[in-house]
Protein chains: 2
Amino acid sequence: MLKAQFDHTNCSDCPIRHRAVCAHCDADELEELEGIKYYRTFEAGQTIIWSGDQMNFVGSVVSGIASLTQTMEDGRTQMVGLLLPSDFVGRPGRETAPYDVLATTDLVMCCFRKKPFEALMGSTPHIAHRLLQMTLDELDAAREWMLVLGRKTAREKIASLLSIIARRDASIAPKAKPGPIVFDLPLTREAMADYLGLTLETVSRQVSALKKEGVIELEGKRHVTIPDMRRLMDEAGDDSDGGFLI
Amino acid sequence: MLKAQFDHTNCSDCPIRHRAVCAHCDADELEELEGIKYYRTFEAGQTIIWSGDQMNFVGSVVSGIASLTQTMEDGRTQMVGLLLPSDFVGRPGRETAPYDVLATTDLVMCCFRKKPFEALMGSTPHIAHRLLQMTLDELDAAREWMLVLGRKTAREKIASLLSIIARRDASIAPKAKPGPIVFDLPLTREAMADYLGLTLETVSRQVSALKKEGVIELEGKRHVTIPDMRRLMDEAGDDSDGGFLI
DNA sequence: GCTTTCACTTGATCTCAGTCAAGGTTTCGT
DNA sequence: ACGAAACCTTGACTGAGATCAAGTGAAAGC
């Protein structure tokens, strides 16, 4: 029984198995998957798919970071989602991609051909169920971000973004733990600006300000140390127990 | 066979039946539902549930409009969703509400007790499937709105909102049809401001400007006529074929 | 009928972030 | 090692939208 040998909570073979497919998997599912699964790699800056294009796969991020971006005719762009390892890409039941998907860093994705995946989803209820949970998480994250975009100041926006990346990257709970947190910013100033609805100049200025005031420490341009997570979260204006999800 | 008598595409009895439960319903499902379903009515301005509260139901809007709102400690608020008739409220698998839900107008909701609904969802795959589709639609709408909040000017924001309400209210396709569209604004200037990430004064000024320039016509403060939908959509900066969903 | 309240409008002023511009640093290719 | 190209920083100025303030009009309460 493959079922018994498989550690569902720590499946590193393929994130989608762990997060969407494998939650309570059966041996025959796993076998069925073998035929429809494949890996793709992308270089930083590469476009994975353009908005409006036919999208014949779903998948999830194995390593690296991808972004979902919307662009207006005049070139204004807004990042609408950040895909970190284990995040899911694609919509069962949709023909075309609703936004551009870009590799922000070098990226490995684990993909499934869409038709067979949908068939598998139809025959194995817990996959649809798991996808529903993941989509609800994404929806919460998107709505949390609407508050950031609509009501926060530039400084609060930067603090919010750093806060999210720090928590996600360091895999810590929403409640602030004491002690410094260290990580590398996976985004350029321009990508940060696109995510935050700011210009890159404003991002640069606010990062510098946070650094000067000791809220963050910078080594080079990307290596960040957060001496006091509590303080960063105060700067972000988050509720004390806000459950960010992204 | 109830199945045969039931018109799935035009079920006005209860939107959730139509949109989530009833898509391919069976007689026994319908019977099972009777025991867990109930209606609730709210007055305009009433709070349906506070963020963080226990939420022991899911449901959908029958008539009226509800809003999902997030508030910061200092009182800044951002509306993160607008629930029009047939929209779904609640998250299977979540204990507490992630935002405030408010009745914007007088409201009737059709609710289901959460536990039995989840059980029903577990035993009838197409419900989970239907909910997934609806949640993906909501996610698209939320991300579309992130572009509005992050990158559009005040004037474009107003035009975008009017455009959404007009399309949704008049149930027309994304492609602009010629001929005037008439509807009543279901939101106060303040609610519009909260949705758009603006102040109510700015909303008022921009509405006046659009009126003065003939993009919209106003009778009183709420009754809106859009003589040329194409022109409004241009003001909103939408792509020609943008598929707004909200 | 008169006040009160609520929703909205309009004006004057201020400010935060955008724009334009110049210069610095790091990385990469040759 | 050198030059080019990204990427980032900083400064000066501008402007869209916020803030503060006053006033209008319609509906609700007494």
Side-chain angles (χ1 to χ4, degrees), chain A residues 43-46 72 74-78 102-106 148-162 184-213 216-224 235 237, chain B residues 43-46 72 74-78 104-106 148-162 184-213 216-224 235 237:
Chain A
E43 282 170 39
Q46 229 183 319
M72 294 172 68
D74 60 8
R76 281 177 282 176
T77 72
Q78 175 67 48
L102 301 167
T104 297
T105 63
D106 288 346
V148 173
L149 288 173
R151 292 300 186 194
K152 291 193 178 179
T153 64
R155 185 188 176 97
E156 288 169 331
K157 285 179 175 182
I158 300 287
S160 296
L161 179 59
L162 292 174
D184 281 303
L185 257 183
L187 302 173
T188 66
R189 298 288 186 265
E190 188 179 18
M192 290 172 71
D194 281 344
Y195 199 33
L196 296 166
L198 298 170
T199 59
L200 69 89
E201 293 95 327
T202 299
V203 170
S204 182
R205 271 186 255 273
Q206 296 298 335
V207 170
S208 297
L210 288 172
K211 178 185 171 187
K212 195 176 325 185
E213 293 167 37
I216 62 173
E217 287 157 27
L218 271 184
E219 208 182 304
K221 287 142 197 313
R222 300 292 195 88
H223 192 75
V224 181
E235 290 288 350
Chain B
E43 282 170 40
Q46 229 183 319
M72 294 171 68
D74 60 9
R76 281 178 282 176
T77 73
Q78 176 66 49
T104 296
T105 64
D106 288 347
V148 173
L149 288 173
R151 292 301 184 193
K152 290 194 178 178
T153 65
R155 186 188 177 96
E156 288 169 331
K157 285 178 174 182
I158 299 287
S160 296
L161 179 58
L162 292 174
D184 282 303
L185 258 184
L187 302 173
T188 65
R189 299 289 186 265
E190 188 180 17
M192 291 171 70
D194 282 343
Y195 200 34
L196 296 165
L198 298 170
T199 58
L200 68 91
E201 293 96 327
T202 299
V203 171
S204 182
R205 272 186 255 272
Q206 296 297 337
V207 169
S208 298
L210 289 173
K211 178 185 171 185
K212 196 176 324 185
E213 292 167 39
I216 62 173
E217 287 157 27
L218 270 184
E219 208 182 304
K221 287 143 199 312
R222 300 290 195 90
H223 193 74
V224 181
E235 291 286 351

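Keep in mind that the numbers below use all heavy atoms, side chains included, and drop hydrogens, waters and symmetry copies. In what follows, chains are A, B, ... by sequence order, proteins preceding strands, each numbered from 1.
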CD of E201(A): more than 12 outside heavy atoms within 6.0 angstrom?
-> yes
Whole-Å gap separating P (dG15(D)) and CZ (R155(B)) = 18 Å
What does T188(A) touch in the nucleic acid at a heavy-atom separation under 4.0 angstrom: a base, only the sugar-phosphate, or nothing?
-> sugar-phosphate
Under 4.0 Å between a side-chain N or O of T199(B) and OP1 or OP2 of dA18(D)?
-> yes
What integer distance in Å separates R189(B):CZ from dC8(C):P?
-> 5 Å
Where do K157(B) and V148(B) come nearest, in terms of heavy atoms and distance?
-> CE-O, 3.4 Å
Here the distance between atom P of dT26(C) and atom NE2 of H223(A), to the nearest Å, is 16 Å
Kindly say whether, by distance alone, the side chain of R205(B) makes a donor-acceptor pair under 3.5 Å with the base of dT19(D)?
-> yes
L198(A) near the nucleic acid: base, sugar-phosphate alone, or nothing, with a heavy-atom cut-off under 4.0 Å?
-> sugar-phosphate
Atom pair distance, as rounded to whole Å: CG in L200(A) and P in dA17(C) = 15 Å
Using only side-chain N and O atoms of R222(B), determine if any of them is under 4.0 Å from OP1 or OP2 of dC8(C).
-> yes
E156(A) side chain to T153(A) backbone, donor-acceptor under 3.5 Å | yes
Ignoring hydrogens and angles, does a donor from either the side chain of E201(B) or the base of dC20(D) sit under 3.5 Å from an acceptor on the other?
-> yes
When the distance from CZ of R76(A) to P of dA16(D) is rounded to whole Å, what number comes out?
-> 13 Å
Please report the C-alpha distance between R155(B) and E235(B) in whole Å, then the side-chain angles of each, then the deciding distance to 0.1 Å, and finally whether the salt bridge (Lys or Arg N to Asp or Glu O under 4.0 Å) criterion is met.
-> CA-CA 7 Å; R155(B) 186 188 177 96; E235(B) 291 286 351; 2.8 Å; yes
Contact class for S208(A) (heavy atom, under 4.0 Å): base, sugar-phosphate, or nothing?
-> sugar-phosphate
Audit row: L187(B), L161(B), side chain to side chain contact (heavy atoms under 4.5 Å, CB included) steps and yes/no = CA-CA 11 Å; L187(B) 302 173; L161(B) 179 58; 4.3 Å; yes
Which residue lies toward the 5' end of DNA chain D, R151(A) or E190(A), if each is placed at its nearest nucleotide?
-> E190(A)
Could you state the atom-to-atom distance from CD of Q206(B) to P of dC8(C) in whole Å?
-> 16 Å
Roughly, in whole Å, what's the span from CG in L218(B) to C1' in dG25(D)?
-> 15 Å
K152(B) NZ - dG17(D) P separation (whole Å) | 13 Å
Among dG18(C), dA18(D), dT26(C), which nucleotide sits nearest the side chain of T202(A)?
-> dG18(C)
Remember a base hit wins even if backbone is also touched, and classify G45(A) as base, sugar-phosphate or nothing at under 4.0 Å, heavy atoms.
-> nothing
